[in-house]
Amino acid sequence: MSAFIHNAWYVAAWDHEITGDGMLARTILNVPVVFWRDGNGTLQALEDRCCHRGAPLSAGRKEGDAIRCLYHGLKFDCSGACIEIPSQKNIPAKARVRAFPVVERQHWVWIWMGDAALADERDIPATPCLDHPDWNYIPGYVHYDTDYLLIADNLLDFSHFAYVHPTTLGEGGADEYSRSLPKVERLPNGVRITRWLIDQPPAPFYRKIKQWDGNVDRWNNYDFVLPGVLLMDAGSAPTGTGAPQGSRAGAAELRSYQALTPETEGSTHYFFSQPHNFAKGNPALTEAVHQGILTAFEEDRRTIHAQQRSLAADPAFPMLLLGMDAALVQFRRLVDEHIAAESAGAAETVAGVA
Amino acid sequence: MSAFIHNAWYVAAWDHEITGDGMLARTILNVPVVFWRDGNGTLQALEDRCCHRGAPLSAGRKEGDAIRCLYHGLKFDCSGACIEIPSQKNIPAKARVRAFPVVERQHWVWIWMGDAALADERDIPATPCLDHPDWNYIPGYVHYDTDYLLIADNLLDFSHFAYVHPTTLGEGGADEYSRSLPKVERLPNGVRITRWLIDQPPAPFYRKIKQWDGNVDRWNNYDFVLPGVLLMDAGSAPTGTGAPQGSRAGAAELRSYQALTPETEGSTHYFFSQPHNFAKGNPALTEAVHQGILTAFEEDRRTIHAQQRSLAADPAFPMLLLGMDAALVQFRRLVDEHIAAESAGAAETVAGVA
Amino acid sequence: MSAFIHNAWYVAAWDHEITGDGMLARTILNVPVVFWRDGNGTLQALEDRCCHRGAPLSAGRKEGDAIRCLYHGLKFDCSGACIEIPSQKNIPAKARVRAFPVVERQHWVWIWMGDAALADERDIPATPCLDHPDWNYIPGYVHYDTDYLLIADNLLDFSHFAYVHPTTLGEGGADEYSRSLPKVERLPNGVRITRWLIDQPPAPFYRKIKQWDGNVDRWNNYDFVLPGVLLMDAGSAPTGTGAPQGSRAGAAELRSYQALTPETEGSTHYFFSQPHNFAKGNPALTEAVHQGILTAFEEDRRTIHAQQRSLAADPAFPMLLLGMDAALVQFRRLVDEHIAAESAGAAETVAGVA
């Protein structure tokens with residue numbers, strides 16, 4: 001049984017990683033893929049392995065709307081069809097490489113690694129603040145040498161804030177994260193986690209970015225949806241202004257979009273951003289927010305890599321499930337169900353059940 | 001069948017490696033172990049893998065008589081029991097990590113990796129000169145990237161002195177080691193190797209440390225006991241003073257305590273010391289003895305690593321047994337017997353058969 | 001079934017690699033071999049693994065016509081027989097290592113890894129220009145981290161010249177190599193590839209080394225014979241001087257001798273030379289020819305290593321056979337036939353079928 005869900009949209013890159021001239025080679029779900037732009041600048045994705053002798057096309061040459069392999073000169077169009085074999089006129093029907101559906105949406109490049117007939121752009125999760133004049137952020141990427149599910153576990157349980165991030169995300173104690181559990185709801189295609197703290201002093205991070213006259217209502221709510229995308233709405237607003245009812249008067253708001261994309265069974269691409277609406281005209285603040293999150297994510301990476309080494313030394317290690325694991329257990333079950341359904345030949349897609 | 005004897009005391013560390021404040025992470029017989037001192041300074045050893053999600057406790061924090069995991073904050077006491085889960089009141093009975101019997105004895109830290117009910121401190125081999133005012137030494141440690149048995153082989157047959165150590169341990173020819181074989185006796189828990197050379201010129205090493213007026217009697221006798229501990233009594237005394245009968249009048253004496261502790265099937269911790277009684281008030285001489293042995297042990301390591309690479313290239317390579325292999329064959333048979341007995345569920349310990 | 005043909009002569013070294021005093025350790029077909037010269041300077045080759053405990057003899061010491069292992073002192077003569085065990089008089093009949101037939105021929109050292117009774121020096125391919133006063137070259141060696149057959153594939157199809165070597169071997173377009181296919185004939189022990197271009201402008205390389213008054217006839221003909229030896233005759237001569245009929249009047253000629261010798265299933269020794277008859281008294285030109293080929297071979301290595309990584313990521317990848325693959329398909333079939341015959345116990349040798 002495959003280790004991955006295939007019929008789903010995965011984030012493959014930031015759009016700026018694929019320039020007009022260049023080619024980006026990146027392995028996704030164990031498959032080498034070359035990303036490039038055709039003559040119109042439209043994004044294309046082909047299997048990065050020539051059908052002839054297996055040389056990577058990314059070591060080849062763009063020729064307008066085609067890529068030429070620089071081992072024996074086979075040329076492929078955007079559909080993956082071979083359109084030239086220099087030493088022969090006849091081109092066999094089998095002379096082609098896989099082409100993958102790709103979509104550029106608000107600076108993220110999404111790829112569909114499964115059955116192309118099932119790919120529907122409407123199933124791509126919305127990330128509006130990635131491309132909106134009121135919101136600022138710096139694109140983030142980190143590479144992990146671990147299974148993506150260990151990172152998903154981490155993102156599905158913030159009770160680690162006080163211990164992994166005592167001076168960053170958990171600054172000021174973060175007791176609210178470790179001493180109590182959030183509300184966890186099952187979504188058709190993921191898990192929803194909700195946490196409101198009413199009438200509290202502002203958290204250290206929010207005190208740095210804004211002047212507050214009294215207590216605030218704080219929220220930290222996110223969906224974590226298949227195949228591994230976190231969509232967060234967080235912020236603080238003066239108590240009494242109706243934030244829990246939906247008002248954002250006087251609020252400082254933060255979004256977080258994070259996407260885990262397996263490279264192999266043991267490595268992961270991690271794309272992230274922290275759009276915020278309180279730094280207009282203040283790029284230094286946006287840079288500070290980004291550096292802060294990078295520092296915190298490095299703390300996570302160190303912890304998860306240590307966990308991975310520990311688990312690798314004993315594959316039979318039985319994890320002990322605790323209350324804080326409610327969300328990750330539900331998410332892992334969803335993943336298993338989808339992989340099993342795909343193995344069984346079901347044409348069900350991640351979004352199809354949403 | 002396991003590759004290791006478990007019901008035995010292994011040297012895990014020099015006591016100075018585990019300071020009052022710190023934690024030492026070390027893998028023993030494939031098991032990650034964290035060594036630390038409780039509030040009284042008493043040594044403790046726990047499995048270095050949190051029972052929750054597998055994070056190493058050695059990346060955590062000491063809190064008095066407990067260790068807190070710095071992933072999700074679980075806290076463990078010296079018995080390995082979890083005594084706090086920040087986000088919930090109820091602590092499941094399964095929330096614990098293994099605790100291992102540990103004993104500090106004359107600067108060596110001994111650990112018992114098997115059935116704790118069978119651990120008996122009286123079975124720890126005696127190493128009196130590791131903590132005696134008349135004897136000097138410098139603690140030694142070398143890490144090997146090989147199976148510990150290849151190192152045991154080396155220590156059980158000194159006929160390699162003339163070839164591996166021509167300018168160090170075998171200085172002066174060492175013909176006595178390669179041209180003749182020592183007396184080998186089977187002990188209940190190991191092998192005893194005895195070699196006396198009567199009325200010979202002093203060996204180069206002994207000429208450096210003491211003035212001799214004539215020939216000497218030289219001895220080099222050691223036990224090599226399970227699971228892999230060498231206890232040597234060596235020295236030279238003027239011929240005619242009765243050394244073979246037990247007198248040590250006018251003698252220069254050297255002890256060697258060496259312990260092999262498997263880290264994994266393919267790597268080994270090697271602890272060693274060369275206590276001697278002829279360097280009181282002369283730390284430079286003790287340093288010279290230590291540097292000499294380090295140089296020789298590096299010669300062994302180079303040889304054994306080369307041997308290991310050669311064997312790895314052909315796992316079916318049949319070693320040819322020769323007369324010089326008598327002791328190592330007996331020791332390897334003892335190891336196999338103990339592993340088989342443990343596999344069969346016998347409660348027999350290494351010392352229990354001594 | 002073995003991955004290699006054993007009953008064949010392989011190039012193991014350039015003769016200058018094995019000096020009078022030294023020992024050369026080199027793995028051939030997974031077997032560690034030590035090459036050395038006896039007291040007469042005659043080349044010898046023994047298995048580089050002492051029959052006692054497996055230590056490499058190449059870490060030992062030459063003693064006249066013998067090698068002594070520097071672990072426990074066993075001494076071996078040129079036939080591989082142990083002739084001394086320091087600690088015992090009796091030498092068991094099993095105390096020996098394999099000896100391999102080796103032949104020095106025109107600066108190449110050939111070794112026979114199979115049944116020694118089948119080795120016949122007359123089966124060694126002729127490489128006369130490696131030792132002839134009219135021909136100059138510099139000995140070449142490159143190490144590959146790939147299966148040798150991927151390199152053989154490359155050498156059996158020059159249609160890659162225009163794509164892999166646009167500024168070196170394929171300088172000037174090399175359309176003749178990619179747009180048309182050479183004549184391919186099956187030999188009993190290999191493949192013959194013939195390509196004549198009649199009445200063409202001289203190729204860039206040949207324009208650099210000689211003044212031409214008009215068009216030339218160009219040829220590029222080679223045999224690629226088992227187990228992996230390329231023997232090329234290339235050159236250019238003024239059109240009309242009868243080159244296709246065998247005349248070499250006014251010609252500039254180049255030979256290429258190249259030999260692939262598997263180190264392991266995934267690594268290869270690659271020996272090569274480009275003897276030429278147009279650089280007498282001009283060592284700078286010979287050096288330039290050599291540097292040019294080194295640059296081109298580095299282009300090949302980069303390409304083939306990329307191909308290897310790509311294939312390793314999907315062992316089930318089905319290569320698509322095209323017209324340009326005719327020669328390599330025939331050669332791979334020959335290799336398979338020989339391996340199968342050896343597996344079946346046939347005493348057939350590579351040359352025996354020639």
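Here is the naming used below: chain letters follow the sequence lines, and residue numbers restart at 1 for every chain.
For the options B/G60, B/P56, B/A55, heavy-atom pairs under 4.5 Å to chain A are most numerous at B/P56. Annotation: maximal heavy-atom pairing with chain B below 4.5 Å, among A/D300, A/D314, A/D157, A/L181, occurs at A/D314.
Residues of residues 27-46 of chain B lying under 4.5 angstrom from chain A, judged on non-hydrogen atoms, do not exist here. Contact annotation for residues 321-329 of chain A against chain B (heavy-atom separation below 4.5 Å, listed by residue number): A/L321, A/L322, A/G323, A/M324, A/D325, A/L328. Below 4.5 Å, heavy atoms of chain A meet no heavy atom from residues 304-313 of chain B. The contact list for residues 142-155 of chain B toward chain A, using heavy atoms and a distance under 4.5 Å, is empty.
Between atom OG of residue B/S87 and atom CZ of residue A/F158 there is a gap of 14.5 Å, rounded to the nearest 0.5 Å. A distance of 11.0 Å separates CZ of A/R302 from CG of B/L70, quoted to the nearest 0.5 Å. Note that NE2 of B/H72 is 6.5 Å distant from NE2 of A/H160, once rounded to the nearest 0.5 Å.
Residues A/Y163 and B/P86 approach most closely at OH-CG, 3.1 Å, considering heavy atoms.
Using a 4.5 Å cut-off between heavy atoms, B/N90 does not touch chain A at all.
Residue A/R192 qualifies as open at atom CZ: its count of foreign heavy atoms under 6.0 Å is 12 or below.
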